[in-house]
Engineer: 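Here it is: the structure, laid out below.
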Number of protein chains: 2
Amino acid sequence: MSADPTSLSADEPRWQRRSEERPGEIMRAGLELFARKGFAATRLEDIADAAGVSKATIYLYFKNKQDLFVATVREFAEARVDRIEAFLDNYEGGYSELLDLVLRQLYEVVQTPELRAIVKTLIAEAGNFEEIRNYHRDHVVLKGLGMMTRIVEAGIKTGEFRPCDASATVQSIVFPFLMNSLGRQTFGELPQFDPEALFASHLEFVKRGLAADRES
Amino acid sequence: MSADPTSLSADEPRWQRRSEERPGEIMRAGLELFARKGFAATRLEDIADAAGVSKATIYLYFKNKQDLFVATVREFAEARVDRIEAFLDNYEGGYSELLDLVLRQLYEVVQTPELRAIVKTLIAEAGNFEEIRNYHRDHVVLKGLGMMTRIVEAGIKTGEFRPCDASATVQSIVFPFLMNSLGRQTFGELPQFDPEALFASHLEFVKRGLAADRES
DNA sequence: GTCTATATGAGGATAGAC
DNA sequence: GTCTATCCTCATATAGAC
């Protein structure tokens, strides 16, 4: 309490850190373990060890295990969709190039360990945590699919893409990336799941799948 | 023990059934609960109640909880891939039609509650059960992807499909169905996940994505 | 603010009657 | 072959010292 957090000197007691860092460290350790073992199979003690604190310390920042879990899952998903959304709002140009850019973004984000962990955790635990299920359904999945749908619809209107059911077609476009990420998370790295190969191949596949019919 | 199982009379004690039916009933109840809540969060008592037996009865047929789980997950996945494989072995005709037929099969199978439950369970628990992970990797996922890859490669050779990385392209073809199934399992039925719309739309998308370039 | 030590309870597993 | 009743482990959650 006497220490100014912005100028923490080196000779503080070893265990003392600024309390603003603790929750993040605990959640980061939690995400990794929750994703690997699931909510029920993850012991608070393992999280505490991974975060370098004791079990009891967790209860200083989180009401209970479930509270930690809900906070963790939300923490690492929140910013991503908004980042893409901001990108879309500022974009000027053709929808074909836009789709290309957005798929690159999605591809990058889906590679990160955090995102893979979140997607896996969401699927595994949505049945047990209505709060998490509803939040991600509304703020991540439907929002994300909606953004993509609007891109496709706009492209159809300008004639860059062929007429189609945009809402359904979006699943043909983005689901391979998500499922590939899940496959790697589930089975580890396999030559069949090489994400570089998938990305190039799928981009070409999408380009042809959406291409407007040639006249003549 | 005195009763001949093939001619079980109606006035037996109410709780007595032929033992060959019990394991299947327990596994069916188990699959549903494991898929909804996960392995750790599913209580043996819940499975027992759902199957209409007592906890102790489960231990007559399965060594322990994990043994029941492993047997259950394997039970409902085993036959499916083999069925499609047999279908392929007997097929004569064009690869474009074959791909169409196989996607219909995949689509049907992925709709069933059992398959949805298996896919979800696999993703959720593969990290905790190496045995399950390895079995499905080799006998379901890689085998299934391999079969599809051979179809695409054969179609490229006959000129029905454009030249491409068959192994990667297969993911563009089948992953939307799998991910759609997972989405419904995770979030319930949503208009965005309407599987009928996806099927028709995706089939058209695949047809165009694979079409050989027109000459001229 | 963090730790060590402990209370509490839930659920997997078993013994023994029928 | 199935049930009821009990045991026992293990992990969450808390109390209290520093």
Side-chain angles (χ1 to χ4, degrees), chain A residues 1-6 8-9 11-27 29-30 33-34 36-72 125 128-129, chain B residues 1-27 29-30 33-34 36-72 125 128-129:
Chain A
M1 21 188 86
S2 61
D4 175 359
T6 60
L8 194 64
S9 64
D11 52 1
E12 295 284 331
R14 249 199 346 283
W15 47 263
Q16 191 153 16
R17 307 196 198 171
R18 286 175 305 158
S19 61
E20 303 94 59
E21 295 176 359
R22 281 268 187 252
E25 289 166 5
I26 293 169
M27 284 192 289
L33 287 162
F34 285 139
R36 213 171 57 220
K37 307 161 62 121
F39 173 79
T42 298
R43 298 181 313 165
L44 246 11
E45 188 170 355
D46 294 339
I47 298 178
D49 289 352
V53 301
S54 87
K55 257 195 299 180
T57 299
I58 296 177
Y59 285 88
L60 186 64
Y61 301 105
F62 303 95
K63 203 167 81 267
N64 52 34
K65 188 184 180 183
Q66 170 160 347
D67 183 48
L68 164 62
F69 181 67
V70 172
T72 299
E125 304 293 347
N128 293 327
F129 299 93
Chain B
M1 17 187 89
S2 61
D4 174 359
T6 61
S7 64
L8 195 63
S9 64
D11 52 3
E12 295 283 332
R14 248 196 351 279
W15 48 262
Q16 190 153 15
R17 309 195 197 171
R18 287 175 304 158
S19 61
E20 303 94 56
E21 296 176 358
R22 281 267 187 252
E25 289 166 6
I26 294 169
M27 285 191 289
L33 286 162
F34 284 139
R36 213 170 58 218
K37 306 161 62 121
F39 173 79
T42 298
R43 297 181 312 167
L44 245 11
E45 190 171 351
D46 293 339
I47 298 178
D49 288 352
V53 301
S54 85
K55 255 199 298 182
T57 299
I58 295 177
Y59 285 88
L60 187 64
Y61 300 104
F62 303 96
K63 203 165 83 267
N64 52 34
K65 189 185 180 183
Q66 170 160 348
D67 183 49
L68 164 63
F69 180 67
V70 172
T72 299
E125 304 293 347
N128 294 326
F129 299 93

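These numbers come from a predicted model, not from an experiment. Quick note on labels: first sequence line is chain A, next is B, and so on, each numbered from 1.
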Engineer: Does any non-hydrogen side-chain atom of A:N128 lie less than 4.5 Å from one of A:F39?
Structural biologist: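 A:F39 does not reach A:N128 side chain to side chain.
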Engineer: When B:L33 is tested against each of B:D49, B:L44, B:T42, B:T72 for side chain to side chain contact (heavy atoms under 4.5 Å, CB included), which residue passes?
Structural biologist: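 Only one of B:D49, B:L44, B:T42, B:T72 forms a side chain to side chain contact (heavy atoms under 4.5 Å, CB included) with B:L33, namely B:T42.
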Engineer: Which word best sums up how the rings of B:F69 and B:F129 line up, parallel for under 30°, tilted for 30 to 60°, or perpendicular for over 60°?
Structural biologist: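 If you compare the ring of B:F69 with that of B:F129, the planes turn out tilted.
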Engineer: Could you list the residues that satisfy salt bridge (Lys or Arg N to Asp or Glu O under 4.0 Å) with B:K65, not counting sequence neighbours?
Structural biologist: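 Result, salt bridge (Lys or Arg N to Asp or Glu O under 4.0 Å) vs B:K65: none returned.
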Engineer: Compare all side-chain heavy atoms of B:L68 with those of B:Y61 and state whether any distance is below 4.5 angstrom.
Structural biologist: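 Not in contact.
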Engineer: In whole Å, what is the span from the CG atom of B:L60 to the P atom of C:dC18?
Structural biologist: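 Those two atoms, CG and P, are 19 Å apart.
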Engineer: For D:dT2, does either OP1 or OP2 sit under 4.0 Å from a side-chain N or O belonging to B:Y61?
Structural biologist: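 Yes, B:Y61 has a side-chain N/O under 4.0 Å of OP1/OP2 on D:dT2.
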Engineer: Taking atom P of C:dG12 as reference, at what distance in whole Å does atom CZ of B:F62 sit?
Structural biologist: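 These atoms are roughly 15 Å apart.
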Engineer: One character per nucleotide, please: for nucleotides 8-13 of chain D, 5' to 3', B when the base has a protein heavy atom closer than 4.0 Å, S when only the sugar-phosphate does, - otherwise.
Structural biologist: ---SBB
Engineer: With a cut-off of less than 4.0 Å, is there a side-chain N or O of A:S54 near OP1 or OP2 of C:dC3?
Structural biologist: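 Affirmative; the distance criterion is met.
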Engineer: Would you say that A:V53 contacts A:E25 through its side chain, given a criterion of any heavy-atom pair below 4.5 Å between the two side chains?
Structural biologist: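 With C-beta onward as the side chain, the pair stays apart.
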Engineer: Find the distance B:E25:CD to D:dG1:C1' and express it as a whole number of Å.
Structural biologist: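 Value for this atom pair: 13 Å.
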Engineer: Tell me the interatomic distance from B:I58, atom CD1, to D:dT2, atom P, rounded to whole angstroms.
Structural biologist: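 Whole-Å distance recorded here is 12 Å.
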Engineer: Choose from D:dT2, C:dC3, C:dT14 the nucleotide whose nearest atom is closest to any side-chain atom of B:A56.
Structural biologist: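 Nearest nucleotide to the side chain: C:dT14.
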